[in-house]
Amino acid sequence: MNKTIFTRLTGALFCPGFCYAVYNTRDAVMKWSGMGEFKTARHLEELARMNAGPARADRAILLGEHMDLALQTLLESDKSRRMELRFDRIYPHVHFIPMTEQGTRLLRILTLPDWHEQVLTAVFPEGMRVTMPGVMEYDAQNGDTLILSHLDGDIARLVRVRQALEHSAAPYEILCYPWQSQFVDQYMGGRAQLREISMPDLEEALGIGGGEMADEGS
């Protein structure tokens with residue numbers, strides 16, 4: 001507690017191979033604490049290594065009441081005068097989880113063992129998967145079209161992709177859930193094509209039941 005009292009950290013979530021820093025923005029845009037969050041990330045990494053074996057601490061979960069807060073968070077981050085203190089520089093991966101039924105189901109996916117590989121295997125044929133990193137972030141390629149999976153709600157990757165697309169004419173596509181599509185389209189400014197993936201379909205492919213709720217809402 002003494003090492004994290006000066007930050008906005010709410011807690012930490014330990015999963016196989018990962019340690020997520022957990023933040024809760026509730027119904028307002030979070031004001032990040034700069035260097036305090038950098039120190040917190042390092043403390044979590046040390047804690048994970050000492051108590052849970054080799055676990056990365058380069059991911060954060062950002063809880064918020066609705067998807068509009070994801071857009072507001074990114075737009076507010078764009079105004080930062082100190083780029084090195086932006087949230088996406090502190091944590092390379094920040095998963096926005098709305099406090100809704102869909103958010104609960106997304107969080108369940110993010111706690112599966114080797115969830116990242118499982119999700120990509122479920123949505124992309126092997127021939128489309130990317131084995132080597134390119135000049136910008138993407139998970140698959142179909143002809144000339146680069147494709148990113150936003151099925152994990154990682155808003156930090158969206159920041160890097162939008163910046164990269166400012167200097168690229170490559171056709172780009174983003175996979176997302178129906179309840180994410182308005183947010184993603186607004187932030188990307190129409191620069192990327194969106195393709196919606198049903199959360200129940202993905203849950204079925206991953207072998208987890210998501211209940212009867214329709215894949216709608218925010």
Side-chain angles (χ1 to χ4, degrees), residues 4-15 18-34 36-38 40-41 44 57-80 83 85-112 115-116 119 148-163 174-189 192 194 196-200 202-203 210-211 213-218:
T4 60
I5 195 67
F6 51 83
T7 79
R8 299 284 182 166
L9 185 77
T10 301
L13 174 62
F14 292 87
C15 305
F18 290 104
C19 170
Y20 296 97
V22 180
Y23 294 84
N24 186 0
T25 192
R26 296 181 175 84
D27 62 349
V29 178
M30 177 168 291
K31 304 297 183 182
W32 296 83
S33 300
E37 307 306 336
F38 271 110
T40 298
L44 285 178
D58 60 351
R59 295 180 180 270
I61 287 173
L62 178 59
L63 302 172
E65 288 194 359
H66 46 76
M67 287 304 300
D68 285 346
L69 285 169
L71 179 62
Q72 295 173 32
T73 296
L74 293 183
L75 296 179
E76 187 66 27
S77 173
D78 290 343
K79 302 176 185 177
S80 176
M83 301 295 286
L85 296 183
R86 286 192 339 190
F87 73 89
D88 56 300
R89 301 295 177 90
I90 301 170
Y91 297 101
H93 303 281
V94 179
H95 307 273
F96 185 85
I97 307 292
M99 295 182 186
T100 62
E101 172 69 16
Q102 288 85 359
T104 301
R105 292 158 67 178
L106 175 55
L107 188 59
R108 185 180 183 187
I109 292 174
L110 296 183
T111 56
L112 292 173
W115 63 264
H116 185 257
V119 169
L148 177 84
S149 168
H150 186 61
L151 301 176
D152 57 1
D154 190 344
I155 59 176
R157 292 188 80 194
L158 291 184
V159 173
R160 295 190 289 271
V161 166
R162 194 177 80 159
Q163 291 174 338
I174 298 177
L175 302 188
C176 63
Y177 304 112
W179 48 270
Q180 294 173 324
S181 59
Q182 183 177 359
F183 149 66
V184 175
D185 189 50
Q186 286 181 302
Y187 183 66
M188 299 304 296
L194 302 188
E196 295 182 354
I197 299 293
S198 164
M199 177 172 272
L202 178 60
E203 290 170 329
M213 176 169 285
D215 192 15
E216 298 175 352
S218 59

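It should be emphasised that the depicted structure is a prediction, and the values quoted were computed from it without experimental measurement.
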Check whether any side-chain heavy atom of [X] lies under 4.5 Å from a side-chain heavy atom of [Y], and answer yes or no.
| X | Y | result |
| --- | --- | --- |
| T25 | L63 | no |
| Y187 | R162 | yes |
| L148 | L175 | no |
| L62 | L69 | no |
| D68 | F183 | no |
| P98 | H66 | no |
| L44 | Y20 | no |
| L106 | F96 | no |

Ignoring hydrogens, what is the shortest heavy-atom contact between [X] and [Y]? Give both atom names and the distance.
| X | Y | answer |
| --- | --- | --- |
| L110 | W115 | O-CD1, 3.2 Å |
| C176 | V184 | CB-CG2, 4.5 Å |
| L158 | M188 | O-SD, 4.3 Å |
| P92 | A156 | O-CB, 3.3 Å |
| T73 | V29 | CA-CG1, 4.1 Å |

- Message: Checking I109 against V119 for the side chain to side chain contact (heavy atoms under 4.5 Å, CB included) test, could you report, in this order, the C-alpha distance in whole Å, the side-chain angles of both residues, the deciding distance, and whether it holds?
- Response: CA-CA 9 Å; I109 292 174; V119 169; 3.9 Å; yes
**Request:** Take M67 and W179 through the test side chain to side chain contact (heavy atoms under 4.5 Å, CB included) and record every step on the way to the result.
**Result:** CA-CA 8 Å; M67 287 304 300; W179 48 270; 3.8 Å; yes
Roughly how far, to the nearest 0.5 Å, is [atom2] of [Y] from [atom1] of [X]?
| X | Y | atom1 | atom2 | value |
| --- | --- | --- | --- | --- |
| L75 | Q186 | CG | CD | 8.5 Å |
| Q180 | L151 | CD | CG | 7.0 Å |
| I174 | R157 | CD1 | CZ | 10.0 Å |
| S149 | L202 | OG | CG | 8.0 Å |
| E65 | T100 | CD | OG1 | 11.0 Å |
| I61 | N24 | CD1 | CG | 11.5 Å |

Is any NZ, NE, NH1 or NH2 atom of the basic residue among E203 and R105 found under 4.0 Å from an Asp or Glu carboxylate oxygen of the other? yes
*Verify side chain to side chain contact (heavy atoms under 4.5 Å, CB included) between R108 and T104, making sure each step is shown before the conclusion.*
CA-CA 6 Å; R108 185 180 183 187; T104 301; over 6 Å; no
Stepwise, does the side chain to side chain contact (heavy atoms under 4.5 Å, CB included) test hold for D58 with Y91? CA-CA 5 Å; D58 60 351; Y91 297 101; 5.8 Å; no
ask   = Between H95 and D154, is any side-chain donor less than 3.5 angstrom from a side-chain acceptor?
value = no
- prompt: Got a sec: does the CD of Q182 have more than 12 other heavy atoms crowding it under 6.0 Å?
  reply: no
